[in-house]
Amino acid sequence: MTRRLSPGSLRGELVLPLGRGLSNALGPLSGCGLRRLLLASAFLLPLLLAACGGSGSDPATATPVATVTLVPTATSSPGYDFLYREFGRERDIIWRVDPAAPGQREQAAVIPHRTGWGIVPSLSPGGRQLAYTSFPEGALDPASQSEVYLLDLESDTRELIAEGVDLRLPPVWSPDGSLLFLRRITGTEVMILQVELTGSEDSPDRIRITLQADLTDVLTFVPVGFTADERSIYLAQVQGGAGGGTVLGLYALGGTPPVSPASRAIPVVRLSEDGIARGYALSPDSGRLVFLVQELIEGRLLFRASVADLGGGSVAPLPTDSLGDGDHLHPLWHPDGSRIALGQPSSAGEAAAVALVAVDGGAPSFLAPPDSGFDVPLSWAPDGSYLALISRDSADPGKRLLVFVSASGERVAVAAGVDVLVVGWVRR
């Protein structure tokens with residue numbers, strides 16, 4: 001059963017601020033037909049692939065859906081709905097679904113876009129507005145010529161609020177919903193833009209540069225979340241030049257930018273010495289950061305997870321000695337803040353389940369596995385009752401399922417053959 005949301009039916013509390021862990025989208029590349037992007041942005045390729053769309057059809061007319069009704073248990077009625085973007089070649093759909101009743105998903109919005117280029121969405125803290133980046137007709141460079149729109153999900157009206165931004169970074173909302181942080185990468189510079197949403201549209205200071213650097217010094221900035229007091233934002237800074245590596249910095253919200261905006265990013269901890277970190281996820285208490293860095297292990301380049309203590313300024317590998325010897329896939333903090341969900345590729349033809357790894361050590365536990373292939377975590381329900389994930393088939397890389405795995409062990413397939421980006425969770 002598919003139905004259009006009535007006015008007001010999206011009212012509710014948003015419970016997953018995007019900054020708590022920017023998701024890595026999954027999806028094959030097709031139909032982009034544009035020149036290659038700057039080397040500086042290569043680490044965000046998975047998100048670009050999803051923005052380009054992949055093999056999806058028009059979801060409004062031909063969405064292949066495979067659903068299973070989950071019998072409610074003590075942990076299967078959390079009172080939260082999951083919102084996600086489903087790619088279509090000329091228009092994307094924002095779906096809202098109750099994990100316990102996936103066959104009754106609701107259409108929250110239909111957003112047209114340039115053929116082959118999907119939107120990259122971000123839900124406001126109040127859950128009423130959707131900010132999204134879109135690549136306009138005639139533009140040549142997604143990193144510097146994309147646009148940002150605000151869509152009111154209740155009135156279905158939209159407003160263009162910024163131009164000349166990077167398609168691949170989802171707009172990042174400040175916790176109070178008054179600011180948006182965007183990125184622009186040109187041929188010589190990378191910068192973070194701050195958009196004031198509460199002031200006058202004609203104000204000359206509505207859009208301003210808060211961080212800026214030459215690409216020879218900084219390849220890119222990536223917002224990863226906010227401090228516990230919500231007064232500052234953490235940004236990963238991928239270094240340029242001979243030094244390389246990735247540094248986590250801190251930028252205080254508000255105030256007037258100095259003559260040199262980049263001087264306002266205060267270094268917190270070096271995440272890597274010479275590799276480009278990715279897959280950042282901030283802990284629920286904002287005190288730790290899990291991330292991936294590629295390492296040379298027994299002759300193979302593998303992505304491995306580490307955890308940074310932001311108060312102490314230290315970094316340590318995630319204790320995963322008892323897991324397989326392959327890549328680590330998209331680490332996510334469990335809402336209890338003590339464990340991290342970690343995907344791992346299948347090995348020797350055996351299905352690979354998501355591992356729950358205790359940060360302080362101990363034997364990992366595992367979620368219900370797929371019948372074959374492997375799972376990649378996407379997003380936890382705020383109470384930990386469900387994990388949304390993408391299930392991939394090792395034998396058929398183009399085959400994928402959007403699945404919910406419950407804390408009590410059920411697996412519920414929501415949609416098959418789709419390119420998905422997480423929008424967030426809202427309280428029902």
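Just so it is clear, the values below take in all heavy atoms, side chains as well, and ignore hydrogens, waters and symmetry mates.
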Practice problem: Check side chain to side chain contact (heavy atoms under 4.5 Å, CB included) between S178 and all other residues, then give those that pass, not counting sequence neighbours. | Solution: S174, D176, E196, T198

Answer yes or no: are there more than 12 heavy-atom neighbours, outside [X] itself, under 6.0 Å from its atom [atom1]?
X: D229; atom1: CG; result: yes
X: E295; atom1: CD; result: yes
X: D336; atom1: CG; result: yes

Quiz item: Taking it one step at a time, do W333 and V307 satisfy side chain to side chain contact (heavy atoms under 4.5 Å, CB included)?
Solution: CA-CA 11 Å; W333 289 92; V307 177; 4.2 Å; yes

Just by modelled atom types, is the [Y] backbone N or O under 3.5 Å from a matching donor or acceptor in the [X] side chain?
X: R288; Y: G337; value: yes
X: R428; Y: Y80; value: yes
X: W425; Y: P382; value: no
X: R105; Y: V414; value: no
X: T133; Y: L167; value: yes
X: S272; Y: T246; value: yes
X: R339; Y: L356; value: no
X: R114; Y: P136; value: yes
X: R85; Y: D92; value: no
X: R96; Y: D81; value: no

Would you compute the distance between atom [atom1] of [X] and atom [atom2] of [Y] and round it to the nearest 0.5 angstrom?
X: R183; Y: L169; atom1: CZ; atom2: CG; answer: 4.5 Å
X: L197; Y: Q129; atom1: CG; atom2: CD; answer: 7.5 Å
X: I192; Y: I185; atom1: CD1; atom2: CD1; answer: 8.5 Å
X: Q212; Y: F221; atom1: CD; atom2: CZ; answer: 9.0 Å
X: L180; Y: I161; atom1: CG; atom2: CD1; answer: 5.0 Å
X: L302; Y: L292; atom1: CG; atom2: CG; answer: 11.5 Å

Residue pair [X] / [Y], side-chain heavy-atom distance below 4.5 Å:
X: P369; Y: D375; result: no
X: V269; Y: V315; result: yes
X: L318; Y: P331; result: no
X: I111; Y: H113; result: no
X: L401; Y: R411; result: no
X: Y251; Y: T210; result: yes
X: V190; Y: L215; result: yes
X: L310; Y: S286; result: no

Exercise. Would you please name every residue forming a salt bridge (charged side-chain N to carboxylate O under 4.0 Å, His left out) with R304, sequence neighbours left out?
Key: none

Looking only at heavy atoms, what is the nearest atom pair of [X] and [Y], with distance?
X: P319; Y: A358; value: CG-O, 3.5 Å
X: P345; Y: L329; value: N-CD1, 3.9 Å
X: G384; Y: P335; value: N-CG, 3.7 Å
X: R91; Y: V110; value: CD-CG1, 3.8 Å
X: V293; Y: G275; value: CG1-CA, 4.5 Å

Quiz item: L271 and L289: side chain to side chain contact (heavy atoms under 4.5 Å, CB included), yes or no, with the steps?
Solution: CA-CA 9 Å; L271 303 180; L289 182 79; 4.0 Å; yes

Quiz item: Using the ring of each side chain (for Trp, its six-membered ring), is F404 parallel, tilted or perpendicular to Y386, with breaks at 30° and 60°?
Solution: perpendicular

Quiz item: Going through the distances and angles, do D360 and S338 end up as a side chain to side chain contact (heavy atoms under 4.5 Å, CB included)?
Solution: CA-CA 8 Å; D360 297 329; S338 67; 6.0 Å; no

Exercise. Give the intermediate values and the outcome of side chain to side chain contact (heavy atoms under 4.5 Å, CB included) for residues H334 and W380.
Key: CA-CA 7 Å; H334 188 278; W380 283 104; 3.6 Å; yes

Self-check item: Pair E106, Q104: side-chain N/O donor-acceptor within cut-off below 3.5 Å
Solution: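 No, no side-chain donor-acceptor contact under 3.5 Å.
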
Exercise. Step through it carefully: locate the ring centre of F291, locate the ring centre of Y280, and say whether they are under 6.0 Å apart.
Key: no

